[in-house]
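Numbers here are sequence positions counted from 1. Predicted, not measured: the structure shown is a model, and the values here were computed from it. Whatever order the structure lists ligands and atoms in, that order sets their numbers, starting from 1.
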Amino acid sequence: MMNLVGNTKEELMEIVKRRVESCATCPLYLHRNNVVVGEGSLDTPIIFVGEGPGEEEDKTGRPFVGRAGQLLDKILESVGLKRNDVYITNVVKCRPPNNRTPTSAEQRACLHFLLAQIEIINPKVIVALGATALNALLGSNYQITKVRGRKFEWKAGIIIFPMFHPSFLLRNPSKAQGSPKWLTWEDIKEVKRMFDEYKGKG
Ligand code: URA
Ligand code: URA
């Protein structure tokens, strides 16, 4: 292991980025135009984790900038949060062809990058957006539809908070009471409450 003591969070994240850029561990590297490492605040108490880059993300190198990302922005804005108040990343850093779900081998190959990002930021809460992020972090025994809005204690006391993926909400646009969107607007209020509680408490 190289000695990383004394580096700033920005420098450490830059090291992760360079390692992702040179990664050829799984076949997803073959088709990528850009890696999508993540963006946002490195001093935030809350990280959002999605599944993997889509077409727009692969084109731009930025997470959640397509249709799902625009909805994520609106969900954040509804409670007064901006993208840059939190950190946004994904389970895999390269786009799976045709936006298929990354295979478990691809997820395993990439997971150490996410774990490094979590170590650098040291958040209080990880919002797992959708089934892939939930299962990558907590294991395959959990169903997003059953556990969204619940808090799970993870390593080092970090809370995992599962929410529906914005792409799922695009396919389920009803806002009726009890609908996925309605539940998501309940969940994001709890995210804001946790953000306010933990912000600045390092
Ligand atoms: N969907 C995801 O899971 N991540 C992105 O970055 C964009 C869409
Ligand atoms: N299935 C998913 O994969 N994600 C959701 O958010 C909901 C159902």
I'd like the residue list for ligand 1, meaning every protein residue with a non-hydrogen atom under 4.0 Å from the ligand. G50, E51, G52, E57, P63, F64, N90, H165
Validation: residues 66-73 side-chain donor-acceptor distances under 3.5 Å, sequence neighbours left out:
unit_1, atom_1, unit_2, atom_2, d
D73, OD1, R83, NH1, 3.1

Kindly list each side-chain donor-acceptor pair under 3.5 angstrom involving residues 133-145, sequence neighbours excluded, with atom names and distances?
unit_1, atom_1, unit_2, atom_2, d
N135, ND2, G139, O, 3.1
N135, ND2, Y142, O, 2.9
Q143, OE1, K146, NZ, 3.0

Test: E57 and R95 ion pair at under 4.0 Å: no
Going by an N to O cut-off under 4.0 Å, is there a salt bridge joining E190 and K151? yes
Residues two or more places apart in sequence or in another chain: which of them pass side-chain contact (heavy atoms from CB on, under 4.5 Å) with A105? T103, R108
Of all the atoms in ligand 2, which lie at a distance below 4.0 Å from a heavy atom belonging to A131? 2 (C), 3 (O), 4 (N)
For ligand 2, which part of F168 has a heavy atom less than 4.0 Å away: the side chain, the backbone, both, or neither? side chain
Salt bridge E56-K59, side-chain N to carboxylate O under 4.0 Å: yes
Interatomic distance, SG@C110 vs CZ@F113, rounded to 0.5 Å, equals 6.0 Å
